Protein chains: 2
Amino acid sequence: MPYFDAASAAPLHPVARQALLASLDEGWADPARLYREGRRARLLLDAAREATAEAVGCRPDELAFTPSGTRALHDGIAGALAGRRRTGRHLVVSAVEHSAVLHSGEALEADGGSVTRVPVDRAGRVDPAGYAAALRPDTALAALQSANHEVGTEQPVAEVADACRAAGVPLLVDAAQSLGWGPVDPGWSLLTASAHKWGGPAGVGLLAVRKGTRFAARGPVDERESGRAPGFPDLPAIVAAAASLRAVRAEAAEEATRLRALVDRVRARVPELVPDVEVVGDPVRRLPHLVTFSCLYVDGETLLHALDREGFSVSSGSSCTSSTLEPSHVLRAMGVLSEGNVRVSLPRGVSSEEVEEFLRVLPRVVAEVRDRLGAPSPAGGGSGMSADLVVDSLGKRCPIPVIELAKVIGDVPVGGLVTVLSDDEAARLDIPAWCGMRGQEYVGEAPAERGVAYRVRRRV
Amino acid sequence: MPYFDAASAAPLHPVARQALLASLDEGWADPARLYREGRRARLLLDAAREATAEAVGCRPDELAFTPSGTRALHDGIAGALAGRRRTGRHLVVSAVEHSAVLHSGEALEADGGSVTRVPVDRAGRVDPAGYAAALRPDTALAALQSANHEVGTEQPVAEVADACRAAGVPLLVDAAQSLGWGPVDPGWSLLTASAHKWGGPAGVGLLAVRKGTRFAARGPVDERESGRAPGFPDLPAIVAAAASLRAVRAEAAEEATRLRALVDRVRARVPELVPDVEVVGDPVRRLPHLVTFSCLYVDGETLLHALDREGFSVSSGSSCTSSTLEPSHVLRAMGVLSEGNVRVSLPRGVSSEEVEEFLRVLPRVVAEVRDRLGAPSPAGGGSGMSADLVVDSLGKRCPIPVIELAKVIGDVPVGGLVTVLSDDEAARLDIPAWCGMRGQEYVGEAPAERGVAYRVRRRV
């Protein structure tokens, strides 16, 4: 049963499992205690910190273990902002950061600070010059992921780090998706990561703060982990995280080459096998194991369930799979199609046959979902003719508004206008994206009595 | 090698170990995902929550899993205070709460709020009437531990809960030390606990918030755990925590009876076997497995090391074993001797022989430490006679000032005065405590040119 959602969580690496079991017996005591069980725990903790710091590229005393990557981001951003509060209360992030970063930004805004969200191109990549232009004299902190978690695009960390250094602004790099594959460009001031992304256990995040970086931990005082991560440390999990990081790094170069080839195959074959698909994310500067594509006229949740029934576990940034009914902020920032979105992130050790099987199954599954939704055939085109048309899709959710638009576009003459009334948030992203894919002209949106009127002019 | 520090961390219960291993394979995926691995993880999480909620005495949807007991306290107190910010910014705690509670109070004060620390008697217990008197119209939250972590004294939770209910103030009960032994009186509004205290793994705390309790989670938004505990949940650890809580509860009544008898033996025999010892904490209303005593003329760190060499792992609230050079806030609030402080907390399954061996070894170890420090013999008494005396103990650390006082008290006539000059923080607690134990009169303290002058009048 192929699991293709390694970017969400990876099964425990065998080395992590072994290390976890060994340290359940040796590492349960409080490492701050003076007796032998405490000293033994302290030795394990010190060794784990040294090994992890080496893989991160920092000093052991710069590295704290947190309970998760999310906590590392929340606490790291809050501490860095507080440490430079005198400089100002402005935060710069890319528009495609992890939600833990964006939510930290919202918390800052709610507290009176300000946030600049640097846009990305259609590949999901920030422009270093654009990022540099967002830095201000009152910028307390800048944050940039090493690679995007939804589309795999690598960010220009080295160039942005140079710009931040020149501006005297500390840069926090969220390395959650990439740390298992290799070290990050060393220009960061703070770095965060999450062990269960590289085959370590849940319950372990990393927060590294370079010496000399101003940092004022928030919340009640706690002396553990240099005062940066309160609470009793989960030592067996930390030991397992350290051991598995070392193990995946040892295999990283070889496995990256292998997975990169498999992903290239998916990137090339999916658009051949499935009509009306957009593969998103940078084709070259990307994580080795991750590929994302969106399928017109399909809703993500139905597609996920259908793939699950066929034995494939993937994730989706479509609005239909999220509780908020909004498409993923990453796809929105990229301006690409969100409907029928599928993220495939291959775990280490995946076989070529599993990927081939996915490519064999996918076209049929997509076709079945489209059939059920009454999507137009790829040939498309209508029969009757009327000058302009209004399609009422109010109350209908993604991908129905786009399907209805596609069904009637052939009913107006070239130059004619179709107006789609929709109250589904995804339509704002998907109707322009459909126009781009189909060569039709997206005229714009206007508020309607109910919902929004999206106007499309037929060009082909 | 007997480990007698279960109140700090207990070795993993066999049931926890088993559950952890099983769920490493079943519970590594994201329980929020729609595919089978995610659904399986969700089932495990739901089952763990139901079992734990039953043991806590709350509804499953009232219970969140946090990364530690400390985080449960930090986030629980902050959320409860924020939820009642309109009522006021006053917090009531007992003076002997866990440091995570007291540090939360300090954070509130630093942010402009106020804290009342309700004193305790010499047994470490708050007076319910005194606690009730501390509640004010602007009190946003009250916090009380179910039992003290250093001396084992049980707090009058039911009476304090009644007072809080009458005043309309929510009560947070820190049940970290007692939850493995049984449910807490149900009058709480918030409850916290920590799994590694009951033989569960590290990395799991509990935060229960009763329906109807105002609560506003602090920090960046995160949808997990009802928005009360950000970050990817450590599911295998949560499953292990739930399984072991159920297991220890099933054995609790029998094991409590057995350990209570062993602790009674320690409480009775230590003062018989070792001269100049004060057993502290309530002799009856106490945790079954925990006993604390202090030994005059001994420093805690040396005693701990000596016991460790003999194979016994215990902890201490003495100033000499802490990085702050201050005696434990619990002993200070109780006004009892802190020097030579030893906490024995028996793990489940400890044998009667191990406790007997401890009682056999302890007198010799204490005598050796006292010999090395040149402590006065229990008979005491000096030889020469002078009206009043000044002892310069400046620069000397606990227990030297008390040893020097004890050595010269016989050198002044009954009614004569000994002044001890000391700059050691522990002297403030230990000199009055020594006077109490010895029937001498503690006159008081006054600032000296360097340090503090502690004055003692010889009465016997």
Side-chain angles (χ1 to χ4, degrees), chain A residues 1 3 5 8-12 17 20-21 24-25 28-30 33-38 66-71 73-74 77-78 99-100 103-107 194 196 201-203 205 219-224 230-237 301 304-305 307-308 312-315 321 323, chain B residues 1 3 5 8-12 17 20-21 24-25 28-30 33-38 67-71 73-74 77-78 99-100 103-107 194 196 201-203 205 218-224 230-237 301 304-305 307-308 312-315 321 323:
Chain A
M1 302 288 274
Y3 173 80
D5 198 20
S8 160
L12 209 56
R17 191 188 172 91
L20 184 69
L21 293 192
L24 286 179
D25 296 327
W28 52 268
D30 184 345
R33 296 290 174 180
L34 302 174
Y35 43 70
R36 66 196 172 282
E37 293 87 353
T66 69
S68 63
T70 295
R71 295 267 185 175
L73 283 169
H74 287 182
I77 292 172
S99 58
H103 289 151
S104 293
E106 289 157 17
S194 171
H196 75 112
V221 171
D222 188 292
E223 77 283 3
R224 296 174 191 276
F232 194 91
D234 186 355
L235 197 44
E301 182 160 350
L304 253 53
H305 283 306
L307 285 169
D308 177 52
F312 293 95
S313 300
V314 298
S315 90
T321 58
S323 54
Chain B
M1 303 288 274
Y3 173 81
D5 198 20
S8 161
L12 209 56
R17 191 187 173 90
L20 185 68
L21 293 192
L24 286 179
D25 296 327
W28 51 268
D30 184 345
R33 298 288 174 180
L34 302 173
Y35 42 70
R36 65 195 172 283
E37 293 87 352
S68 64
T70 294
R71 295 267 185 175
L73 283 168
H74 287 182
I77 292 172
S99 58
H103 289 150
S104 293
E106 288 156 18
S194 170
H196 75 113
R218 301 289 76 198
V221 170
D222 187 291
E223 78 282 2
R224 297 175 188 277
F232 195 91
D234 186 356
L235 196 44
E301 183 159 350
L304 253 54
H305 283 306
L307 285 169
D308 177 52
F312 293 95
S313 301
V314 298
S315 89
T321 56
S323 54

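Within every chain, numbering begins at 1; the chains are lettered A, B, ... in the order of the sequence lines, protein sequences first and strands thereafter. Just so it is clear, the model here is predicted, and its values are computed rather than measured.
In this structure the side chain of A:Ser313 reaches within 4.5 angstrom of the side chain of B:Arg36, judged on heavy atoms.
With chain A as partner, the option from B:Thr70, B:Asp234, B:Val314 having the largest number of non-hydrogen pairs under 4.5 angstrom is B:Asp234. With chain B as the partner, the residue from A:Ser99, A:Ala9, A:Ala107, A:Gly205 showing the most heavy-atom pairs under 4.5 Å is A:Ala9. For the set A:Thr66, A:Leu235, A:Leu24, A:Asp30, the count of heavy-atom pairs under 4.5 angstrom toward chain B peaks at A:Leu24. Between chain A and the residues B:Leu21, B:Ile77, B:Leu73, B:Val221, the largest count of heavy-atom pairs under 4.5 Å involves B:Val221. Most heavy-atom pairs under 4.5 Å with chain A: of the set B:Ser194, B:Gly231, B:Ala29, this distinction falls to B:Gly231. Top candidate by heavy-atom pairs under 4.5 Å with chain A, chosen from B:Ser8, B:Pro11, B:Ser104, B:Gly203, is B:Pro11.
To the nearest 0.5 Å, the span separating NE2 on B:His103 from CD on A:Glu223 amounts to 7.5 Å. Once rounded to the nearest 0.5 Å, the distance linking CG of B:Leu34 with CG of A:Asp5 reads 10.0 Å. One finds the OG atom of B:Ser68 at 9.0 Å from the CZ atom of A:Arg224 (value rounded to the nearest 0.5 Å).
Contacts of A:Ala202 with chain B are made by both backbone and side-chain atoms, with heavy-atom separations under 4.5 Å. Residue contact with chain B, scored on non-hydrogen atoms closer than 4.5 Å, involves the backbone and the side chain of A:Pro230 alike. Neither the backbone nor the side chain of A:Ala78 comes within contact range of chain B, judged by heavy atoms closer than 4.5 Å. Within the 4.5 angstrom heavy-atom criterion, only backbone atoms of B:Pro233 (N, CA, C, O) approach chain A. Looking at A:Leu20, the atoms closer than 4.5 Å to chain B (heavy atoms on both sides) all sit in the side chain, from C-beta outward. Using a 4.5 Å cut-off between heavy atoms, B:Pro201 makes no contact with chain A at all.
Residues A:Asp222 and B:Arg71 are not paired through a salt bridge, judged by the lack of any N-O separation under 4.0 Å between the basic side chain and the carboxylate. Contact check on B:Asp308 versus A:Arg33 returns no salt bridge, with no Lys/Arg side-chain nitrogen under 4.0 Å from an Asp/Glu carboxylate oxygen.
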